[in-house]
Amino acid sequence: MDSSAETKKTPVSSKKVIIIAAVIIAILLIIVIALLSRTLLTVEDENVPKIGYAADAKVMLDQDSLQAAVDEALENAKNGMVSLQYQNDAFSADGQTFSCYIANAPENLYDMFLTIYADADLTDQIFLSELVPPGSGFEEITLEHALDPGDHMVYVAVTQVETDDETGEQVMRNQVLHTIEFHVGK
């Protein structure tokens, strides 16, 4: 035996070096992507309207509070807060142009727009109006796509909008949902 102690070094294989380098690069890449996605998610677009909570919204924890809120809503409706004048039936020969009567009641305080849906889930929009002033309405509407022959229950979302005359800013005030029967001749 040799009295001088020799230390043997085992050579590091190039495959191990490549794997370690790849793992380090992957970890760094994941960190960069996470930071970028977090930054992109927090950037706000000034042109995108923001929806927030109403300052006067209340949480109803008991039946009495809920009933009081319903009574207040019904009283507001009596005072012309949300009133839609319409006939329960509309008729069409082609499934796209309907004779109807839908109007923003003259006693309403605000302009409104109508969104009509062909389904109860409110996913199949078939009509969207422009703003309708109080006392104005439609005797005929043309749908975005035709309905099949037969009878259809449609859902009319009425949205009241207040427009500030000085700034032109518009604020949604009330929204209610009505149903109307649309009949398409066979």
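Among residues at least two apart or in separate chains, there is no salt bridge (charged side-chain N to carboxylate O under 4.0 Å, His left out) pair with a member in residues 119-143. The ring-ring contact (aromatic ring centres under 6.0 Å, His included) analysis of residues 118-156, with sequence neighbours excluded, yields the pairs Phe127-Phe138. Here salt bridge (charged side-chain N to carboxylate O under 4.0 Å, His left out) pairs that include residues 161-170, with residues two or more places apart or in two chains, are Glu162-Arg173.
Leu128 CG to Ile141 CD1: the interatomic distance, rounded to the nearest 0.5 Å, is 11.0 Å. Note that the CG atom of Leu28 and the CD1 atom of Ile24 stand 7.5 Å from one another [nearest 0.5 Å]. The distance from atom NE2 of His183 to atom CG of Leu147, rounded to the nearest 0.5 Å, is 11.5 Å.
Pairing each heavy atom of Ile180 with each of Asp89, the nearest pair is CG2-N, 4.1 Å. Closest non-hydrogen pair, Gly185 versus Pro149, comes out as O-CB, 3.7 Å. Taking both residues in full, the closest heavy atoms of Ala90 and Cys100 are given as CB-CB, 3.7 Å, listed atom of the first, atom of the second, then distance. Shown here for Pro106 and Pro134, the closest heavy-atom pair between the two residues is O-CB, 3.9 Å. Closest approach of Ile116 to Phe182, counting heavy atoms only: CD1-CZ, 4.3 Å. The minimum heavy-atom distance linking Ala103 with Tyr101 is given by the pair CB-OH, 3.8 Å.
For Gln125, the side chain to side chain donor-acceptor pair (under 3.5 Å) partners two or more places apart in sequence, or in a different chain, are Glu144. Scanning for side chain to side chain donor-acceptor pair (under 3.5 Å) contacts around Gln175 gives Thr159, with sequence neighbours left out. Here Tyr117 pairs with nothing under the ring-ring contact (aromatic ring centres under 6.0 Å, His included) rule; sequence neighbours left out.
Side-chain contact between Val171 and Val161 is absent, with no heavy-atom pair separated by less than 4.5 Å.
Transitive grouping of hydrophobic side chains (ILVMFWY, heavy atoms separated by less than 4.5 Å) brings Met153 and Leu177 into a common cluster. Cluster membership check: Val132 shares its hydrophobic cluster with Val176, using side-chain heavy-atom separations under 4.5 Å among Ile, Leu, Val, Met, Phe, Trp and Tyr.
Distance alone, capped at 3.5 Å, is enough to place a donor-acceptor pair between the Ser129 side chain and the Leu114 backbone. The main-chain N or O of Tyr110 is found under 3.5 Å from a side-chain atom of Asn104 such that the two form a donor-acceptor pair. A donor-acceptor pair is defined here as one N or O able to donate and one able to accept, closer than 3.5 Å; no such pair exists between the side chain of Asn108 and the backbone of Asp111.
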